[in-house]
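Worksheet: one structure, shown below.
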Amino acid sequence: MAKYAIVESGTVTNIIEWDGSASHPDSSSWILCGANAQIGGTYDGSNFTAPTPPADTRTYAEKREAEYPSVADFMEAYTEKEIGSDSTKWDAYVIAYNKVRTDYPKS
Amino acid sequence: MARTTIRTEDVTSGAISATDIASNSITATQIAANAIGNSEMADDAVGINELSATGTASATTFLRGDNAWASAAAGLESVQVFTASATWTKPTGITKVIVHVQGAGGASVDTTGPAGSGGGGAGGYACKLLDVTNIDTATVTVGAGTAASTGGATTFAKLAGSGSFTDVVGNGGVVATLGYTSDPVAGGTATGGDINIQGGMGAGCNGNDSNQWGGNSFFGSGGRPLSTGDPRSQQGQGPGAGASGGNSGSGVGKAGNDGAVYVWEYK
């Protein structure tokens with residue numbers, strides 16, 4: 001089944017399923033679309049443009065909280081380092097942890 | 001003095017036939033009350049053809065109190081399933097339908113970057129009993145689940161016939177939110193039904209807890225977020241379910257499930 005966009009005044013208002021042949025009185029206005037077509041996006045007559053995502057208003061602390069490696073990862077890495085003398089996961093954890101801090105510096 | 005009346009002995013058996021009675025010469029005024037009883041009528045003297053009822057007498061009809069031959073069939077006769085947009089045409093003899101209209105589910109979003117995705121909301125569900133005696137056809141528009149997008153709306157609307165009804169609509173579930181948020185996204189609303197159920201909410205993304213379930217629709221559960229693998233986002237079960245979100249760096253999001261329309265047709 002293919003997806004078709006319903007466009008009103010240049011804005012995609014609905015995306016529907018249609019087999020391309022079944023009778024429907026509105027089908028002549030439907031536009032075959034691909035992954036770029038999203039409800040709320042635009043159509044300029046030949047190309048679809050996705051809607052602009054909302055601005056990321058999170059604070060740096062919220063961003064870090066969301067992206068830090070999990071507590072379970074920490075426990076596993078720390079335990080293997082201290083008891084199993086294998087620091088492989090710990091080293092990976094530290095790299096991931098520091099990457100988050102680099103990606104989201106204090107502001 | 002000559003007699004002026006006709007006695008029984010004056011009329012021999014078989015003496016009067018239809019050709020001896022002028023058209024319309026015998027009306028109700030010439031027939032006394034109770035003059036014609038069962039004994040005056042031969043078996044099968046009054047048949048189906050002598051009745052004035054409308055409609056067609058047959059082995060599948062009965063005579064109603066309003067002097068009409070009506071179908072003896074009743075109850076649920078057939079079901080039409082629409083997973084894509086098309087035209088519903090009323091089958092012969094159908095007088096009522098129950099339509100089930102399900103909007104498409106909302107998608108989760110791309111988590112290949114340093115942010116996770118929540119789950120998408122489920123599509124709304126509307127259920128409506130319609131008298132389609134005077135409805136011939138209806139348009140069926142089935143909303144699609146689309147990557148990174150709010151789900152499409154599904155509608156059942158009158159196309160042809162002298163009757164009318166309000167559109168039955170299941171709106172699509174809202175697309176998931178990217179990044180940290182404590183708020184879930186809404187399921188689609190529903191209108192025009194005797195029953196209108198908003199789709200289940202898609203869980204918000206809250207760090208690395210892997211709990212970003214997609215919203216449940218009337219027909220099935222939302223996508224289950226996987227804690228491992230790539231992508232971790234998953235589609236749900238059944239029409240209109242929302243897709244689950246994935247953690248940061250866990251891969252592309254998934255589309256919500258498509259909507260559907262089911263028409264239960266009754267005679």
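Just so we're on the same page: letters track the sequence lines, and every chain starts at 1.
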Contacting moiety of B:V140, where chain A heavy atoms sit under 4.5 Å: backbone

Heavy-atom pair with the smallest gap, counting every atom of A:H24 and B:A86: CD2-O, 3.3 Å

Nearest atoms (heavy-atom pairs only) where B:G151 meets A:I39: O-CD1, 3.3 Å

Exam field: side chain A:S23 to backbone B:T87, donor-acceptor pair closer than 3.5 Å: no

From CA spacing to verdict: side-chain contact (heavy atoms from CB on, under 4.5 Å), A:E17, B:T83: CA-CA 7 Å; A:E17 294 284 350; B:T83 56; over 6 Å; no

Chain B contact via A:A72 - side chain, backbone, both or neither, heavy atoms under 4.5 Å: neither

Inter-residue atom distance B:D258.CG - A:I16.CD1, 0.5 Å rounding: 11.0 Å

More than 12 heavy atoms of other groups within 6.0 Å of B:Q237 CD: no

More than 12 heavy atoms from other groups under 6.0 Å of CH2 on B:W264: no

Contact leader toward chain B among A:P25, A:S27, A:A22, where contacts are heavy-atom pairs under 4.5 Å: A:P25

Audit row: B:S85, A:Y4, side-chain contact (heavy atoms from CB on, under 4.5 Å) steps and yes/no: CA-CA 10 Å; B:S85 303; A:Y4 288 77; over 6 Å; no

Contact check, side chains of A:C33 and B:T146, non-hydrogen atoms, under 4.5 Å: no

A:M1, CE atom: more than 12 neighbouring heavy atoms under 6.0 Å: yes

Residue among B:A153, B:A147, B:A104 with most heavy-atom pairs under 4.5 Å to chain A: B:A153

